[in-house]
Protein chains: 2
Amino acid sequence: MLSRASKYAILSTLYLAEHASKEKKMSVKAIANSINVPSPFLAKLFQQLVKCNIISSTKGPNGGFYLTIENENKTVCDIIEEIDGTNKLDDCFLGLAKCDGNNPCPVHFIVEPFKKKIFGKFRDQTIKEFANEVEAQGSVLFLSGLAVKK
Amino acid sequence: MLSRASKYAILSTLYLAEHASKEKKMSVKAIANSINVPSPFLAKLFQQLVKCNIISSTKGPNGGFYLTIENENKTVCDIIEEIDGTNKLDDCFLGLAKCDGNNPCPVHFIVEPFKKKIFGKFRDQTIKEFANEVEAQGSVLFLSGLAVKK
DNA sequence: AAAATAAAAGATAAAAAGGTCTTTTAATAA
DNA sequence: TTATTAAAAGACCTTTTTATCTTTTATTTT
């Protein structure tokens, strides 16, 4: 459904929202280590995310990545659209080119409500809001097996 | 979530359940054309499905693929496990190695009920039952855009 | 200004997924 | 029993995804 790249991008952006700021920028390596993602790959991803204004960066000593207010108002949908292209998320679960209520695939009516729900969340909630929720719920952002509750 | 191979396998097995029988076997090409799937690729898949006893085949004139009673009692889960390996379906939506109620990813509690539902269907319903439902609902099995209601 | 730091850029490599083609084998109908 | 048909088997190719490495550029601190 989502590419690994998208997953990395979502997790690391949420991580930035929670742990970085203009005053406390984070390097790729620090983030990659924290959430357990290959750092050169994440570096490439971050370039892309900076370019499309989903995250921000500065070079040099004490440089790194962080989110501006504008960045914080982006959505997870923006990330997915940037990385995976327009809405891989909305593809038919069984791969039909045209799957809808009139032309339903065999699992359409099971998948549809789920898609509406998660899609709604990804579209309507800002990164900042999402990150706050993640923090409140104690959700995990670490890919590795040994995730520890904060 | 599912590989394309799994999707092809599911659709074509349901198609076989609906359209073929021991008396009316179907060739790869016929099925591939019907549901709009590359036929050499489907041929490979079918070999695998025959080997693990999810579908049946005979060679020669009037040969082709069909389902036995035993085949009809397999499940979609059996297909997925055979093609994608054990339960790619159950992987965390955001890629966490260990994602559960205690260690939830940021969307765990949205994804979990959906997984339970679709997973249950795929596990508890036989191919035959599923195919009957598909027929009753008039669901579409054709990948191409121009699917036509039967 | 010089040294150090960290991202940007881009070339490259490895792995997985998706797809095709050719030869062999088995079954059956003529 | 021969010709034909259709699957089985396996080699091979292409594209996409994932991952790495090296060089350049910008910033900042000393």
Side-chain angles (χ1 to χ4, degrees), chain A residues 1-12 16 20 22-33 35-68 71 80 82-85 88 91 95 143, chain B residues 1-12 16 20 22-33 35-68 71 80 82-85 88 91 95 143:
Chain A
M1 218 147 201
L2 295 180
S3 69
R4 218 178 283 190
S6 262
K7 292 171 186 172
Y8 292 170
I10 293 168
L11 293 173
S12 51
L16 275 181
K22 194 153 191 182
E23 291 71 44
K24 194 188 153 203
K25 292 156 195 157
M26 296 195 71
S27 72
V28 181
K29 265 187 194 163
I31 300 161
N33 286 337
I35 67 174
N36 254 270
V37 148
S39 76
F41 191 64
L42 191 60
K44 273 279 133 196
L45 269 177
F46 272 11
Q47 276 181 39
Q48 208 180 335
L49 294 176
V50 167
K51 232 185 246 166
C52 70
N53 200 26
I54 288 173
I55 66 178
S56 301
S57 69
T58 53
K59 298 182 182 178
N62 292 327
F65 296 92
Y66 62 98
L67 303 187
T68 62
N71 295 152
I80 296 171
E82 176 61 27
I83 306 291
D84 282 348
K88 224 177 141 179
D91 283 353
L143 281 176
Chain B
M1 217 147 200
L2 294 180
S3 70
R4 220 179 279 191
S6 263
K7 292 172 186 172
Y8 292 171
I10 293 168
L11 293 172
S12 51
L16 276 180
K22 194 152 192 179
E23 291 72 43
K24 193 188 153 204
K25 293 156 197 155
M26 296 196 71
S27 71
V28 181
K29 265 187 194 166
I31 300 161
N33 286 337
I35 67 175
N36 253 270
V37 150
S39 76
F41 191 64
L42 191 59
K44 271 280 133 199
L45 268 179
F46 271 11
Q47 278 180 38
Q48 210 180 334
L49 293 176
V50 168
K51 231 183 246 165
C52 70
N53 200 27
I54 287 172
I55 66 177
S56 300
S57 70
T58 53
K59 298 180 182 180
N62 293 328
F65 296 92
Y66 62 98
L67 302 188
T68 62
N71 295 151
I80 296 171
E82 176 62 28
I83 305 293
D84 282 348
K88 225 176 138 176
D91 283 352
L143 280 176

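Note that the structure is predicted; figures quoted are calculated from it, not measured. Order of the sequence lines sets the chain letters (A, B, ...), proteins ahead of strands, with each chain counted from 1.
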Spacing of [X] atom [atom1] relative to [N] atom [atom2], expressed in whole Å:
{"X": "A:Met1", "N": "D:dT17", "atom1": "CE", "atom2": "P", "value": "16 Å"}
{"X": "A:Leu16", "N": "C:dA7", "atom1": "CG", "atom2": "P", "value": "11 Å"}
{"X": "B:Leu49", "N": "D:dA8", "atom1": "CG", "atom2": "P", "value": "10 Å"}
{"X": "A:Gln47", "N": "C:dA9", "atom1": "CD", "atom2": "P", "value": "6 Å"}
{"X": "B:Tyr66", "N": "C:dA27", "atom1": "OH", "atom2": "C1'", "value": "12 Å"}
{"X": "A:Lys59", "N": "C:dA9", "atom1": "NZ", "atom2": "P", "value": "7 Å"}
{"X": "B:Phe41", "N": "D:dG10", "atom1": "CZ", "atom2": "P", "value": "18 Å"}
{"X": "A:Leu45", "N": "D:dT20", "atom1": "CG", "atom2": "P", "value": "13 Å"}

Item to check | Given DNA chain D, 5'-ward residue of the pair B:Val28 and B:Pro40, judged by closest heavy atom | outcome: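 In this pair, the answer is B:Val28.
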Checklist outcome for this item: Of A:Arg4 and A:Pro61, the one whose closest nucleotide on DNA chain D sits nearer the 5' end is A:Arg4
Heavy atoms under 4.0 Å, any strand shown: does [X] hit a base, just sugar-phosphate, or nothing?
{"X": "B:Lys51", "result": "sugar-phosphate"}
{"X": "B:Phe65", "result": "sugar-phosphate"}
{"X": "A:Ala5", "result": "sugar-phosphate"}
{"X": "B:Ser3", "result": "sugar-phosphate"}

Checklist entry - Just checking, A:Lys22 and A:Tyr66: is the charged tip under 6.0 Å from the six-membered ring centre and within 45° of the axis? => result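 Negative - A:Lys22 is either too far from the ring of A:Tyr66 or too far off its axis.
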Checklist entry - For the atom pair CD (A:Glu82) and CG (A:Asn53), what is the distance rounded to the nearest 0.5 Å? => result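 Reported to 0.5 Å precision, the distance equals 10.5 Å.
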Under 4.0 Å between a side-chain N/O of [X] and OP1 or OP2 of [N], yes or no?
{"X": "B:Asn62", "N": "D:dA6", "value": "no"}
{"X": "A:Ser57", "N": "C:dA8", "value": "yes"}
{"X": "A:Tyr8", "N": "D:dT18", "value": "no"}

Checklist entry - Can A:Tyr8 and A:Ile83 be said to form a side-chain contact (heavy atoms from CB on, under 4.5 Å), step by step? => result CA-CA 10 Å; A:Tyr8 292 170; A:Ile83 306 291; over 6 Å; no
Next on the checklist: Please determine whether side-chain contact (heavy atoms from CB on, under 4.5 Å) holds for the pair A:Ile31 and A:Leu42, giving the CA-CA distance in whole Å, both sets of side-chain angles, and the decisive distance to 0.1 Å.
Outcome noted: CA-CA 9 Å; A:Ile31 300 161; A:Leu42 191 60; 3.9 Å; yes
Checklist entry - Between B:Val37 and B:Leu11, does a side-chain contact (heavy atoms from CB on, under 4.5 Å) hold up when you go through it step by step? => result CA-CA 10 Å; B:Val37 150; B:Leu11 293 172; 5.9 Å; no
Checklist entry - Has the side chain of B:Lys44 got a donor or acceptor that lies under 3.5 Å from a partner of the other kind on the base of C:dG18? => result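 Counting by modelled atom types and ignoring angles, no donor-acceptor contact under 3.5 Å is found here.
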Checklist entry - Which nucleotide, D:dA9, C:dG18, C:dA17, lies nearest any side-chain atom of B:Lys88? => result C:dA17
Checklist entry - Of A:Gly64 and B:Ala43, whose closest DNA chain C nucleotide lies nearer the 5' terminus? => result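 In this pair, the answer is A:Gly64.
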